[in-house]
Amino acid sequence: MSPIVERRLLTDQAAELLRARIVSGEWEVGAKLPGETTLAAQLGIGRSTIREAVRTLAGLGMVESRQGAGVFLRSTTPPDQWPRVLEAEAILHVVEVRNAVEIEAARLAAQRRDAVDVAALRQALDGRTAAAHSGDAAFVDADIAVHRAVVDAAHNPVLSELFETFVPRLRAALIELIAVLDLHPHSQPDADEHRMLVDAIEAGDAEAAVRISRAHLDDMAAALRR
């Protein structure tokens, strides 16, 4: 598993552990929470992970970070949508990793693709279209096949290895994404984006490939934050 993905999973777990302690009444509203070093030692994780978990709770309005003073409890009641928030947060972490991998892959693919790569991209794109009326898992597999073809066209074996290591987590996140956002694969709202990306790669337009890939992932992140 990628170290980045592993760290994000730890952040989700840390946020849930802190939330459970808050809900149990361990701290009163207005109380100052223990410092990062103390919490990190209690949970057996790093300070940076604690910091990110606190940011998650702050985004939910449960805690407040005051510059130079510490973190204070604002509410012991989690939002009703807490399960969805956690799911969306976990998917957002995957989107961050996709930014790191797929945008660079798109740039390299536009610079290095050959006729075989373009044929594979078109085939994967057709497969994605054909899978639109299949189940969620089948559609996600077809979608990943397009992105795998982009990574393969980058002709970087390390990037390909990293992507394949990431695929199980990516697959799970995309299936969750359909449920969280109540999407229906047959509507394919992003079908044009995928086709535009393949067109840009085939044309050798690295700038357009990067722009399209980034916009696709930014739109996904924005939908999850709403």
Side-chain angles (χ1 to χ4, degrees), residues 1-5 8 90-178 180-181 183-225:
M1 180 179 294
S2 164
I4 296 175
V5 177
R8 289 308 187 183
I91 299 170
L92 277 169
H93 294 159
V94 172
V95 173
E96 290 177 357
V97 179
R98 293 187 69 182
N99 270 282
V101 174
E102 294 182 22
I103 292 176
E104 179 62 10
R107 182 183 71 81
L108 292 175
Q111 295 173 341
R112 301 174 178 177
R113 83 281 177 267
D114 56 27
V116 174
D117 296 323
V118 172
L121 284 162
R122 292 294 176 191
Q123 183 178 1
L125 199 60
D126 289 344
R128 185 180 188 275
T129 300
H133 294 281
S134 304
D136 293 350
F139 179 74
V140 164
D141 288 339
D143 180 76
I144 290 174
V146 175
H147 296 286
R148 178 182 284 111
V150 173
V151 173
D152 288 344
H155 293 281
N156 182 316
V158 177
L159 192 61
S160 293
E161 181 181 351
L162 177 60
F163 181 78
E164 291 304 326
T165 301
F166 178 51
V167 162
R169 183 63 182 139
L170 172 61
R171 185 177 189 273
L174 289 177
I175 292 173
E176 290 172 7
L177 178 71
I178 292 173
V180 169
L181 297 184
L183 298 175
H184 302 286
H186 63 265
S187 66
Q188 292 200 87
D190 58 354
D192 288 343
E193 291 178 348
H194 284 72
R195 192 166 300 282
M196 289 166 57
L197 174 60
V198 171
D199 288 345
I201 291 172
E202 182 176 11
D205 191 339
E207 183 178 338
V210 167
R211 183 177 65 253
I212 294 164
S213 183
R214 179 176 288 117
H216 171 61
L217 294 171
D218 284 350
D219 287 348
M220 187 180 298
L224 286 163
R225 293 188 177 102

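Here, residue 1 is the first one in the sequence, and each next residue gets the next number.
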Practice task
May I ask you to test the Val94-Glu176 pair for a side-chain heavy-atom distance under 4.5 Å?
Solution key: no
Problem - Heavy atoms of other groups near Glu164 CD, more than 12 under 6.0 Å - result: yes
Fill in the blank from the handout: In this structure, CZ of Arg98 is separated from CD1 of Ile103 (nearest 0.5 Å) by 10.0 Å
Problem - Distance-minimising heavy-atom pair for Ala105 and Val151 - result: CB-CG2, 3.9 Å
Problem - Interatomic distance, Phe166 atom CZ to Ile144 atom CD1 [nearest 0.5 angstrom] - result: 9.0 Å
Practice task
Find out whether Leu224 and Leu177 are in side-chain contact, i.e. whether some heavy atom of one side chain is under 4.5 Å from a heavy atom of the other.
Solution key: yes
Practice task
Return the minimal non-hydrogen interatomic distance between Ala209 and Ala200, and the atom names on each side.
Solution key: N-CB, 3.8 Å
Exercise for the section: Enter the distance from Asn99:CG to Met220:CE here, rounded to the nearest 0.5 Å. Expected result: 9.5 Å
Exercise for the section: Could you check if a side-chain atom of Val97 sits within less than 4.5 angstrom of a side-chain atom of Arg169, using non-hydrogen atoms only? Expected result: no
Exercise for the section: Enter the distance from Asn156:CG to Glu104:CD here, rounded to the nearest 0.5 Å. Expected result: 8.5 Å
Throw together a table of side-chain donor-acceptor distances under 3.5 angstrom for residues 111-121, partners on residues two or more places apart or in other chains.
unit_1: Gln111; atom_1: OE1; unit_2: Arg107; atom_2: NH1; d: 3.4
unit_1: Arg112; atom_1: NH1; unit_2: Ala154; atom_2: O; d: 3.0
unit_1: Arg113; atom_1: NE; unit_2: Ile201; atom_2: O; d: 2.7
unit_1: Arg113; atom_1: NE; unit_2: Glu202; atom_2: O; d: 3.3
unit_1: Arg113; atom_1: NH2; unit_2: Glu202; atom_2: O; d: 3.1
unit_1: Asp114; atom_1: OD1; unit_2: Val116; atom_2: N; d: 3.1
unit_1: Asp114; atom_1: OD1; unit_2: Asp117; atom_2: N; d: 2.8
unit_1: Asp117; atom_1: OD2; unit_2: Asp114; atom_2: N; d: 3.0
unit_1: Asp117; atom_1: OD2; unit_2: His155; atom_2: NE2; d: 2.6

Problem - Residues Asp199, Arg122: salt bridge by 4.0 Å N-O rule - result: yes
Handout entry: Non-hydrogen atoms of Glu193 and Asp219 that approach each other most closely
Key = OE2-OD2, 3.3 Å
Exercise for the section: Over 60° means perpendicular and under 30° means parallel, so classify the ring planes of His216 and His147, tilted if in between. Expected result: parallel
Completion exercise
What one should report as the nearest heavy-atom pair of Thr165 and Pro168 is O-CD, 3.4 Å
Practice task
Let me know which of Leu159, Val210, Leu170, Leu197 forms a side chain to side chain contact (heavy atoms under 4.5 Å, CB included) with Glu102.
Solution key: Leu170
Fill in the blank from the handout: Nearest heavy-atom approach of Ala130 to Ser134 is O-OG, 4.2 Å
Problem - Partner residues of Asp218 under the salt bridge (charged side-chain N to carboxylate O under 4.0 Å, His left out) criterion, sequence neighbours left out - result: none
Exercise for the section: Of all the heavy-atom pairs spanning Ala124 and Val146, show the shortest one and how long it is. Expected result: O-CG2, 3.5 Å
Practice task
To the nearest 0.5 Å, tell me how far His194 NE2 sits from Asp192 CG.
Solution key: 11.0 Å
